[in-house]
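Note: hydrogens, waters and symmetry copies are ignored here, and every other heavy atom, side chains too, is used.
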Amino acid sequence: MVMPRDITDWSLVQSFLAVAETGSLSAAARRTGRSQPTLGRQIRAFEESLGVVVFDRHARGLRLSEAGQEILPMARQMRDAMQELSLSAAGRSERLEGTVRITASVFASHHLLPPILSEIRRIEPAIQLELVPTDSSENLLYREADIAVRMYPPRQVDIVARHIRDLALAPFAAITYLDRRGRPNSVPDLMRHDIVGFDTSDLIIATMRQMGFEAERASFPVRCDSQTTYWELVRAGCGIGFCQCSVARKDPLVEELALDLEIPPLPVWLAATQAMRRTPRLRRVWNLLVEGLREVDEPPPSVRLSPH
């Protein structure tokens, strides 16, 4: 059994965990933001400090050695303890200043959050804001973000979550597309048009099937998983797409289709760790986000609605 020596450099343990959990220096570099040479040096220093080899080198990357497999659970315990310490310390900060890191989808970061964050900065100029636009789930427990704006309920334990509101969705198309192809006046008519779909995600297909419509991947002649790019494809005239009414109804290039479609709304959730909610600056930003997201307006339908 490996008996670890005294490890005083926490960054070496972090590097070991990153490589162990991703399987390669390149993947660990993407996770940590450190360079591959730096990670390589830190792994060697970690091995020297322990007096054991923790990785076996092979053609496809790095594989945990027998010693590394023994050490991994202890390193994870260290990470959990450090995280608990960090969260506890952050939760005791009484200052209404400092940085709050917010993560949200790329679409929400582009279309929903900028005016809300601008208002937060106006009200609380001592609080600095970091916005992380990503369509992957940032890990709140490891401080990759302080607050998450999500369109689904968080699944992590030890997370405070709050359902803020639902955003209406509707079908839209570029006016140029509708002038060229005609305006569908019924759901069967809609299905004869070009519909912009997702590439690998089955969300639109599953929703359409739940509503009783036949749909498969080939039903969508243009496909893209990025919601921001998806919307630009619709705006450019690639076909009919589905979008948040609060965003699309403000766009002069598109027209809403008044069809008898009951599309499930998009839920908006806020999430943060239990400890971080006790931090005054985070609690303040949380409350302002709740207020701002609730006030996201959904303008009335366009005057150019197509008839039933």
Side-chain angles (χ1 to χ4, degrees), residues 102-120 131 133-135 149-152 164-187 189-199 201 203-205 207-208 211 215 219-269 289 291-308:
I102 303 164
T103 184
S105 70
V106 176
F107 191 89
S109 297
H110 183 87
H111 292 283
L112 298 182
L113 289 182
I116 298 174
L117 299 191
S118 175
E119 183 66 7
I120 292 174
L131 179 59
T134 176
D135 291 327
V149 181
R150 291 177 174 161
M151 304 306 178
Y152 53 88
I164 307 302
R165 63 172 299 176
D166 292 325
L167 294 173
L169 301 173
F172 294 85
I175 295 172
T176 55
Y177 170 86
L178 296 172
D179 288 344
R180 182 176 76 250
R181 293 287 304 273
R183 288 162 171 77
N185 53 26
S186 67
V187 174
D189 196 12
L190 169 67
M191 302 305 290
R192 289 189 285 269
H193 276 261
D194 290 345
I195 299 177
V196 181
F198 292 150
D199 183 17
S201 170
L203 180 61
I204 294 179
I205 294 175
T207 302
M208 293 180 70
M211 297 170 66
S219 303
F220 309 100
V222 178
R223 299 180 289 268
C224 179
D225 281 336
S226 166
Q227 293 187 8
T228 301
T229 306
Y230 174 98
W231 179 235
E232 291 303 317
L233 292 170
V234 174
R235 295 179 75 246
C238 289
I240 296 170
F242 305 94
C243 187
Q244 300 170 27
C245 295
S246 58
V247 173
R249 286 177 179 167
K250 298 175 184 178
D251 195 321
L253 296 181
V254 302
E255 183 176 313
E256 184 174 354
L257 305 176
L259 302 172
D260 190 18
L261 277 174
E262 295 184 3
I263 303 175
L266 192 64
V268 181
W269 290 77
L289 280 171
E291 182 180 341
L293 289 167
R294 281 179 173 169
E295 293 179 356
V296 170
D297 60 329
E298 294 180 358
S302 165
V303 296
R304 291 198 62 183
L305 285 177
S306 61
H308 284 288

TODO: Mind running salt bridge (Lys or Arg N to Asp or Glu O under 4.0 Å) on Arg294 and Glu291 for me, showing each step along the way?
DONE: CA-CA 5 Å; Arg294 281 179 173 169; Glu291 182 180 341; over 6 Å; no

TODO: Could you walk me through whether Val296 and Arg165 pass side chain to side chain contact (heavy atoms under 4.5 Å, CB included), step by step?
DONE: CA-CA 10 Å; Val296 170; Arg165 63 172 299 176; 3.5 Å; yes

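In this structure, the separation between CD on Glu255 and CG on Asp179 is 8.0 Å, given to the nearest 0.5 Å. Note: Ile240 CD1 to Leu259 CG = 7.5 Å, rounded to the nearest 0.5 Å. Of the inter-residue distances, the one linking Arg181 atom CZ with Asp194 atom CG reads 4.5 Å to the nearest 0.5 angstrom. Ser246 contributes atom OG, which lies 10.0 Å from atom CG of Leu293 (distance to the nearest 0.5 angstrom). Atoms OG1 and NE2, on Thr228 and His111 in that order, are 5.5 Å from each other to the nearest 0.5 Å. Atom CG of Leu253 sits about 4.5 Å away from atom CZ of Arg235, to the nearest 0.5 Å.
Applying the ring pair (Phe, Tyr, Trp, His ring centres under 6.0 Å) rule to pairs touching residues 240-259 yields nothing, sequence neighbours excluded.
With Leu112 as reference, Leu167 is the one residue of Leu117, Leu167, Val268 to meet the side-chain contact (heavy atoms from CB on, under 4.5 Å) rule.
Applying the side chain to side chain donor-acceptor pair (under 3.5 Å) criterion to Ser118, with sequence neighbours excluded, gives no partner residue.
Closest heavy-atom contact between Phe220 and Arg223: O-NH1, 2.7 Å. Nearest heavy atoms, Trp231 versus Ala248: CH2-CB, 3.5 Å. Of all heavy-atom pairs spanning Ala173 and Val234, the tightest one is CA-CG1, 4.1 Å. Taking every heavy atom of both residues into account, Asp166 and Pro267 meet most closely at OD1-CA, 3.3 Å. Across all their heavy atoms, Pro184 and Asp189 have their closest contact at CA-OD2, 3.1 Å. Taking each heavy atom of Ala108 and Pro114 in turn, the nearest pair found is O-CD, 4.3 Å.
Checking side-chain atoms of Asp225 against main-chain N and O of Asp199 turns up a donor-acceptor pair under 3.5 Å.
Two residues are said to be in side-chain contact when any heavy atoms from C-beta on lie closer than 4.5 Å; Tyr177 and His193 meet this criterion. In this structure, Pro171 and Ile263 have side chains that are in contact, with non-hydrogen atoms separated by less than 4.5 Å. The closest side-chain heavy-atom distance from Leu178 to Leu257 is below 4.5 Å. Between Val196 and Ile204 the shortest side-chain heavy-atom distance does not fall below 4.5 Å. Residues Asp251 and Phe172 form no side-chain contact, since every pair of their non-hydrogen atoms from C-beta on lies 4.5 Å or further apart.
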